[in-house]
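Report on the following structure.
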There are 2 protein chains.
Amino acid sequence: MDHPTLPSAADWLAKAGLRPTRQRLALAHLLIGDGKHRHVTAESLFEAARRAGDPVSLATVYNTLKVFSEAGLLREITVNGAKSYFDTDTSNHPHFFWEETGDLSDAPGDELEIARLPEAPAGAEISKVDVVIRVRQKAPA
Amino acid sequence: MDHPTLPSAADWLAKAGLRPTRQRLALAHLLIGDGKHRHVTAESLFEAARRAGDPVSLATVYNTLKVFSEAGLLREITVNGAKSYFDTDTSNHPHFFWEETGDLSDAPGDELEIARLPEAPAGAEISKVDVVIRVRQKAPA
DNA sequence: TTAAGTGCAAATTATTTGCAGTAAG
DNA sequence: CTTACTGCAAATAATTTGCACTTAA
């Protein structure tokens with residue numbers, strides 16, 4: 001069923017040196033199984049696992065997403081005061097945040113061009129730059 | 001004590017059409033009293049009010065900050081999963097977020113230059129663009 | 001065997017809300 | 001007067017944690 005050119009969930013974990021437990025393999029498969037990037041929250045991934053018939057506790061989903069992010073497999077994006085999204089695309093790219101629905105989607109990364117960036121203050125270094133473009137439904141005339 | 005060229009807390013509320021209650025005046029004064037921009041959280045402003053001897057409940061601080069933001073007097077910035085910051089500088093400018101301490105500070109706005117921005121998807125419009133530059137202490141060699 | 005991973009339920013943190021009382025227009 | 005604002009305490013939402021059990025190495 002897996003396409004040979006796609007990295008398997010096991011490979012994905014292995015390259016980060018993470019133990020391939022049943023739960024992690026299941027979540028990893030849901031995240032990268034089809035090779036397409038996606039944005040999940042702990043809650044949405046928990047739901048997806050439930051629908052797929054993989055029993056995983058919500059706490060483990062939270063822990064696993066954090067572990068994946070720390071290992072560089074995912075990128076955490078915090079948009080709203082409350083929710084964290086995790087993006088399987090770890091490259092530096094901007095996001096659209098839909099104010100009405102709370103959804104997050106990729107913005108075409110090649111259409112953002114930052115000509116100059118402020119320098120990090122002395123003794124500090126830039127870890128990453130988050131660009132969130134908040135959009136809303138255009139009001140009907 | 002107030003410098004005549006600084007807008008008073010009362011003026012500041014008036015221009016947004018907000019009722020000048022004792023609590024709002026006190027919080028407004030703490031926010032813009034000296035004409036300098038600042039970043040506060042509900043908790044930090046609550047503490048500042050307490051220290052200044054202005055009795056205000058935490059719930060009112062939360063509500064007031066939200067009202068001020070909706071009225072365009074403040075700009076809300078959500079950085080981490082948990083906390084919201086409110087900035088008295090409502091212009092579009094980037095921020096430094098200190099990963100170790102959770103502090104937020106202004107980054108010089110004139111050193112950020114966005115050459116191109118992705119267009120909003122059809123039917124949508126850009127409400128604002130948040131640029132957060134995450135910085136951390138440089139590791140000592 | 002043994003340190004890491006998991007699941008549950010309870011704990012935490014940031015924020016919101018219901019509702020009775022208080023004050024601004 | 002009358003509607004908005006305030007304060008408290010309880011409610012909520014997202015996330016984390018303590019601890020006994022399970023599993024990968």
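Because only heavy atoms are used, hydrogens play no part in the values below, and waters and symmetry mates are left out as well, while side chains stay in. Model, not experiment: these values are computed from the prediction. So you know, we letter chains A, B, ... as the sequences are listed, proteins then strands, and number each from 1.
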Has [X] got a side-chain N or O lying under 4.0 Å from the OP1 or OP2 atom of [N]?
| X | N | answer |
| --- | --- | --- |
| A:Tyr62 | D:dT15 | yes |
| B:Arg22 | D:dT6 | no |
| A:Arg24 | C:dG5 | yes |
| B:Thr60 | D:dG7 | yes |
| B:Ser84 | C:dT15 | yes |
| B:Thr41 | C:dA14 | no |
| A:Thr21 | C:dT6 | yes |

For [Y], is there an ion pair with [X] - N to carboxylate O distance below 4.0 angstrom?
| X | Y | result |
| --- | --- | --- |
| A:Glu47 | A:Arg51 | yes |
| A:Asp89 | A:Arg75 | no |
| B:Arg50 | B:Asp54 | no |
| A:Arg136 | A:Glu100 | no |
| B:Arg134 | B:Glu99 | yes |

(message) Just to be sure I understand the rule, does B:Val56 reach a base, reach only the sugar-phosphate, or reach nothing, if contact means heavy atoms closer than 4.0 Å?
(response) sugar-phosphate
Take atom [atom1] of [X] and atom [atom2] of [N], then tell me their distance rounded to the nearest Å.
| X | N | atom1 | atom2 | value |
| --- | --- | --- | --- | --- |
| A:Leu58 | C:dA10 | CG | P | 15 Å |
| B:Glu43 | C:dT16 | CD | C1' | 14 Å |
| A:Leu18 | D:dA25 | CG | C1' | 14 Å |
| A:Gln23 | D:dA24 | CD | P | 9 Å |
| A:Glu70 | D:dT16 | CD | C1' | 13 Å |
| A:Lys83 | C:dA14 | NZ | P | 19 Å |
| A:Leu13 | C:dA4 | CG | P | 17 Å |
| B:Phe46 | C:dT13 | CZ | C1' | 15 Å |

(message) Can you work out whether B:Asn63 or A:Val61 has the more 5'-proximal nearest nucleotide on DNA chain C?
(response) A:Val61
(message) Taking the minimum atom-to-atom distance to the side chain of A:Ser57, which one of D:dA24, D:dC8, C:dC8 wins?
(response) C:dC8
